[in-house]
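What follows is a short report on a single structure.
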Amino acid sequence: MPTWKDITTANPAHSENYAQRWKAFVAQGKDIDGEARLIDATVPRHARILDAGCGTGRVGGYLAQRGHEVIGTDLDPILIGHAKEDFPDGTWLVGDLSEDEIPARDIDVAVCAGNVMGFLDPAGRAPALGNILRALRPGGRLFVGFGAGRGWSFDDFLATAKEVGFAVQYCYESWDLQPFTQGSAFLVAQLARPASGQ
C-alpha cells in the first residue's frame, strides 16, 4: 500500500484534488460529518481534541466550531493550508505522526479518521500510535477508523496498539457504531491510554 508521501510524490496535484473533492461533497449536500458527530458526543464541552492526520480539517473543524480546543496535525502542508483557511478556530500544524512528537499534551480525545492508518509506512505504525498515546491524558481515548485492504490487517493493528500501551475498549464496523463482526470491512476502534495507577 503506498504511503501518502508516495502518492503525492508521484502526483503533485493529488493533495489539491483531494481537498477539492471534499469541498465538492459539501456543495452537493453530502453528509461528511459522521466521525465528528461521534467524537462530539463522547466529550464534554470545551474538550481538548487531537485530529491526527487531519487533512483539510473536516473533522477537527466541525469540532472547533462547536467550542472544542482542536489541534490538528498532518504531514501535507497543502491540506494544512486548507484547514487553516476553512477552520480558523482550530490549531493546524504540519507534522508526521510517525516521526514528529505531537506538540500537545493532556488531550481528552484523539481522532484518526479517513484511512490515515492505511497511509502509514509499516515502519512508522508503532511510532505513530506511540506519539498519539503520549499526547493523551491518562484515561484519554483514541477513535481510529480505516478500511480493510489498506495494507494493515485489523488484528495486527489492534495488537500493535496494545504493544505501544493502549487498552482496546470497543470495536465497531462503522462510525455510527454498528457491531464489528468477523466479516466487517471497516474498523472503528475505541482505544484508551490507561488511567494513572492501572
Any carboxylate oxygen within less than 4.0 angstrom of a Lys/Arg side-chain nitrogen, looking at Arg66 and Asp89? no
Note: Arg48-Asp106 ion pair, threshold 4.0 Å (strictly below): no
Rounded to the nearest 0.5 angstrom, the SG-CD1 distance for Cys54 and Ile49 is 13.0 Å
State plainly whether the residues Arg45 and Asp40 are in salt-bridge range, i.e. N to O under 4.0 Å. yes
Counting C-beta onward and ignoring hydrogens, is there a side-chain heavy-atom pair between Cys112 and Met117 closer than 4.5 Å? yes
CH2-CG distance between Trp92 and Leu79, expressed to the nearest 0.5 angstrom: 11.5 Å
Student check: side-chain heavy atoms of Arg137 and Arg193 closer than 4.5 Å: no
Hey, are Asp96 and Lys5 close enough for a salt bridge, meaning a charged N less than 4.0 Å from a carboxylate O? yes
Val188 and Glu173, any side-chain heavy atoms less than 4.5 Å apart: no
How far apart are the C-alpha atoms of Lys23 and Asp86, what are their side-chain angles, what is the distance that settles it, and do they pass the salt bridge (charged side-chain N to carboxylate O under 4.0 Å, His left out) test? CA-CA 10 Å; Lys23 290 176 193 271; Asp86 295 341; 2.6 Å; yes
Of Ile39, Val59, Val116, which meets side-chain contact (heavy atoms from CB on, under 4.5 Å) against Asp51? Val59
How far does CZ of Phe25 sit from CD1 of Ile32, to the nearest 0.5 angstrom? 8.5 Å
Go through the side-chain N and O atoms of Ser153 and Asp155 and say whether any donor and acceptor fall under 3.5 Å apart. no
Would you check if there is a donor-acceptor pair between the side chains of Thr3 and Asp121 at a distance under 3.5 Å? no
Does the side chain of Ile7 reach to within under 4.5 Å of the side chain of Tyr18, using non-hydrogen atoms? no
Just verifying a value: how many Å separate Phe157 CZ and Phe166 CZ, rounded to the nearest 0.5 Å? 8.0 Å
Report the distance from atom OG1 of Thr8 to atom CG of Asp6, rounding to the nearest 0.5 Å. 8.0 Å
Pick out which of Thr42, Asp31, Asp176 makes a side-chain hydrogen bond (donor to acceptor under 3.5 Å, both in side chains) with Arg37. Asp31
